[in-house]
There are 2 protein chains.
Amino acid sequence: MWRLGIVDDKVISQAVVARLPRYYRYLGELKDSGIERISSQDLSTLMKVTASQIRQDFNNFGGFGQQGYGYNVEYLYNEIAKILGLDKSYNLIIVGAGNLGQALANYVNFERRGFIVKGIFDKNPVLYGKELRGIAVQPVEQIERFVRENDIDIAVLTIPKEGAVKAAELLVRCDIKAIWNFAHVDLNVPEGIVVENVHLSDSLMKLSYGIANQ
Amino acid sequence: MWRLGIVDDKVISQAVVARLPRYYRYLGELKDSGIERISSQDLSTLMKVTASQIRQDFNNFGGFGQQGYGYNVEYLYNEIAKILGLDKSYNLIIVGAGNLGQALANYVNFERRGFIVKGIFDKNPVLYGKELRGIAVQPVEQIERFVRENDIDIAVLTIPKEGAVKAAELLVRCDIKAIWNFAHVDLNVPEGIVVENVHLSDSLMKLSYGIANQ
DNA sequence: ACAATCTTGTTAAATGATTGTCAATTCTTT
DNA sequence: AAAGAATTGACAATCATTTAACAAGATTGT
């Protein structure tokens, strides 16, 4: 059962996807320092992973290299960008204008990669109208209308866990494509909606495990 | 070759350690709602992982359960806390008082888990003396003295990547135990010093991969 | 143009992680 | 007190990921 012209229905493991951003970062740095080509062996030394893994990883998406030559840095960089969906632009809203929400709203580098903050929402009236990089905080009641009218792809959830599940349900009803979840709770969304969790306290616990177990 | 009385030189896989905080979270919620015991089967349903994995994971650290009964929630909760090193308290400093550094400094829940912010540092003189939850921002030149005098365990690195490698080297010289690294760069520290990375842009790229690949 | 070198993509082997199974044990009910 | 139900911990089997090996093809220097 083939879909014509579509070859990429191979499932890529999460482990591979999780490594792509790091490849992308190193290739970007190589590109910026004027390096035109690199072999899996040299990249392996630089990144401290095996050359075999690098070749295996890239080959999940097709043959980007050339025998006897290696990989063209800029070409590979651009290909990985496409794989990661970084060749497109995304509209996002921030739900929760607390410290973390404000910090993310003020972080310029996301916009440079095509993640455009279109709206910021909070339930605290004190914050209404407060501007972060030219965008005024709005009441959460406006989310549904705003998402529908402004073609929002991603919601960044930076509210306490108590409200997060309800907020996620609302966002799902608004046909959001993805949720970047900073709330310390597991969201339960329907198939097809992407959830990427950033559980800072989990990360801190892993660190403390590291200290406690030498 | 046995070290007397020390049984725990088995190496625990990163996959297992990474799951512990989530167990800890669910057990905490069960405890708070007054549940005294739970079987791996019920926990499995709740957390959407296999019961086998739960039992296997816990058994890495010893037999916490009882046949025919299951696991005592509070006991297991406390045992996992010990494994994660959450029964101890840690002193930390925040290096970089930008948006993210301030957001983390203001986040109260870390203190509740025993991670105590003792100092905040920045290289920008405009911020010197600015107080975050009663702690004044100091010049980065003070880090070395402060770490040594105040028994600091953890440094939270929330500065741009350009300065992060140098900062990490300084912190290593000060005998810091662990670095919680938010800078978008790989730190190279000697064996025995714990580094836990939070690469937000990597996380955002994984999300965008998810959108791009349905 | 040729030989020596390099380097990929691919397949196979090795390692690691997850899931399934079941005997042994404890709990619960009658 | 005995029988039946429940549930762990351990082991085995399966599945997934990583590493190694190498043939095929490209490059480089002479």
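Letters A, B, ... are given to chains in the order of the sequence lines, protein chains preceding strands, and every chain is numbered from 1. None of these values were measured; they are calculated from a predicted model.
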Take Arg19(B) and Gly65(A), find for each the nucleotide of DNA chain C with the closest heavy atom, and name the residue whose nucleotide sits nearer the 5' end.
Gly65(A)
Nearest-angstrom distance from the residue atom CZ of Arg55(B) to P of dA17(C):
19 Å
Phe182(B) side chain reached by Leu200(A) side chain, heavy atoms, under 4.5 Å
yes
Could you tell me how the ring of Tyr77(B) sits relative to the ring of Tyr24(B): parallel (under 30°), tilted (30 to 60°) or perpendicular (over 60°)?
parallel
Looking at Lys82(A) and Asp87(A), does any basic side-chain N land under 4.0 Å from a carboxylate oxygen?
no
Atom CD of Glu169(B): over 12 foreign heavy atoms under 6.0 Å:
yes
Any Tyr71(B) side-chain N or O less than 4.0 Å from OP1/OP2 of dA6(D)
no
For the side chain of Gln56(A), counting heavy atoms from C-beta on, which of dT11(C), dA21(D), dT8(C) is nearest?
dT11(C)
Distance, rounded to the nearest Å, where Gln14(B) contributes CD and dT18(C) contributes P:
12 Å
What about Gln67(A), does its side chain sit under 3.5 Å from the base of dT8(C) through a donor-acceptor pair?
yes
Reckon Ser52(B) touches a base, only the sugar-phosphate, or nothing at all at heavy-atom distances under 4.0 Å?
base
DNA chain D nearest-nucleotide lookup for Ser40(B) and Thr50(A): closer to the 5′ end is Ser40(B)
Interatomic distance, Gln66(B) CD vs dT7(D) P [rounded to whole Å]:
12 Å
Tell me whether the OP1 or OP2 atom of dT10(C) has a side-chain N or O from Asn59(A) closer than 4.0 Å.
yes
Which part of the nucleic acid does Phe58(A) contact within heavy-atom distance under 4.0 Å: base, sugar-phosphate only, or nothing?
nothing
Rounded to whole Å, CD of Gln53(B) lies from C1' of dA12(D) at a distance of 17 Å
Whole angstroms only, please: what is the CD1-P distance between Ile12(A) and dA16(D)?
14 Å
Atom OH of Tyr69(B) to atom P of dC27(C): distance rounded to whole Å?
9 Å
Ile54(B) CD1 to dT19(C) C1', straight-line distance once rounded to whole Å:
13 Å
Position toward the 5' end of DNA chain C (nearest nucleotide), Arg37(A) or Ser13(B)
Arg37(A)
So Ser39(B), base contact, sugar-phosphate only, or nothing? Heavy-atom distance under 4.0 Å.
sugar-phosphate
Give a yes or no on whether a salt bridge exists between Arg22(B) and Asp202(A), defined as a side-chain N under 4.0 angstrom from a carboxylate O.
no
Can you measure Ile38(A) atom CD1 to dC6(C) atom C1' for me and round it to whole angstrom units?
15 Å
